[in-house]
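For reference, positions follow the sequence shown, starting with 1. Just follow the structure's listing: the first ligand is 1, and inside any ligand the first atom is 1.
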Amino acid sequence: MEIRLLDRHDAPAYQALRLQALRDSPHAFSASPEDEAGRSLDEVAARIVPAADGSVRMLGVFDGGVLAGFVAVIHPQRPKLRHGAELAGMYVAPVQRRRGFGGALLQAAIAHARAIEGVRQLGLGVGASNVAAKALYRSAGFVSWGVQPRALRIDGEFHDEEHLWLRLDD
Ligand SMILES: CC(C)(COP(=O)(O)OP(=O)(O)OC[C@H]1O[C@@H](n2cnc3c(N)ncnc32)[C@H](O)[C@@H]1OP(=O)(O)O)[C@@H](O)C(=O)NCCC(=O)NCCS
């Protein structure tokens, strides 16, 4: 297993896996498959390379050189928000699950956020009924601070989102 920041050469593999994620786990993402499918490889590359201002970085986990999962670390640049970072879009391919990839990716993302100057906490949102992801985040020390009712509406059905945070300056 290897974990590293994605670069523009990872764009085709990222787009294929992201499409798979949006198709097989619609409740875990606010984006829809059409959002991703409509992007050119240049647009995808621009989204995954580390932003020049440090606001977005995409980490990937690889198995034998093949992209198996990813998560974004988002760091707002406004002075009043710079003490926090957010994790978003976490996904591990179904065939690779329960092998420790998600846990390793999460630990790498936490370490990454901790290394950003001034960051003291991490936040994320997770589908309130997403048992697997909630167990993963809780095992890393994230705690719940609230639930957003009806955060997503998919095929006419509402889904709540739970918000978790992890203090890094304890
Ligand atoms: C959530 C997800 C990333 C976990 O990835 P993974 O590689 O299977 O995770 P790991 O193998 O590292 O498991 C780490 C811990 O997570 C928890 N976990 C993972 N899958 C679980 C499941 N199906 N049921 C209960 N707990 C689960 C366990 O605590 C596990 O530790 P353990 O194996 O020692 O019991 C993966 O299931 C996934 O991509 N799901 C679909 C997309 C998604 O829900 N993303 C999160 C958006 S917020």
Between Phe29 and ligand 1, is there a nitrogen or oxygen pair with a distance under 3.5 Å? no
Judged by atom type as modelled, is there a donor-acceptor pair below 3.5 Å linking the side chain of Arg97 to the main-chain atoms of Val92? yes
Can you check whether Arg150's main-chain N or O pairs, donor with acceptor, with Arg153's side chain at less than 3.5 Å? no
Check against side-chain contact (heavy atoms from CB on, under 4.5 Å), Val119 and His83: CA-CA 4 Å; Val119 169; His83 62 293; over 6 Å; no
Nitrogen or oxygen of Gly100 less than 3.5 angstrom from that of ligand 1: yes
Looking at non-hydrogen atoms alone, which of Ala132, Ala28, Gly102 comes nearest to atom 9 (O) of ligand 1? Gly102
Which is closest to atom 17 (C) of ligand 1 in terms of heavy atoms, Leu164, Leu136, Leu105? Leu136
Could you check atom 39 (O) of ligand 1 against the protein and tell me its nearest heavy-atom contact, residue, atom and distance included? Val92 N, 2.8 Å
Quick check on contacts: which atoms of ligand 1 are under 4.0 angstrom from a heavy atom of Gly103? 10 (P), 12 (O)
Could you check atom 48 (S) of ligand 1 against the protein and tell me its nearest heavy-atom contact, residue, atom and distance included? Tyr137 OH, 3.3 Å
Close approach, Ser139 and ligand 1, non-hydrogen under 4.0 angstrom: no
Check for a donor-acceptor pair, side chain of Asn130 on one end and backbone N or O of Ala133 on the other, with a separation under 3.5 Å. yes
With heavy atoms and a 4.0 Å threshold, my read on which part of Phe70 contacts ligand 1 is neither
For the student: nearest non-hydrogen atoms of Pro149 and Val147, plus distance: CD-O, 3.4 Å
Under-4.0 Å heavy-atom contact between protein and atom 23 (N) of ligand 1: yes
Please write down residue, atom name and distance for the protein heavy atom closest to atom 26 (N) of ligand 1. Ala135 CB, 3.6 Å
Identify the protein heavy atom lying closest to atom 41 (C) of ligand 1, giving its residue, its atom name and the separation to 0.1 Å. Arg97 NH2, 3.4 Å
Decide, yes or no, whether a salt bridge links Lys134 with Glu161 under the criterion of side-chain N to carboxylate O below 4.0 Å. no
Pick one of side chain, backbone, both or neither for how Asn130 approaches ligand 1, counting any non-hydrogen atom pair under 4.0 Å. side chain
Do the charged groups of Asp42 and Arg47 touch, with an N to O distance under 4.0 Å? no
Please determine if Arg8 forms a cation-pi arrangement with Tyr14, meaning its NZ or CZ atom is less than 6.0 Å from the six-membered ring centre and no more than 45° off the ring axis. no
If you measure from each heavy atom of Gly125 to ligand 1, is any distance below 4.0 Å? yes
Which option, Met90, Arg99, Arg98, Glu161, owns the non-hydrogen atom nearest atom 32 (P) of ligand 1? Arg98
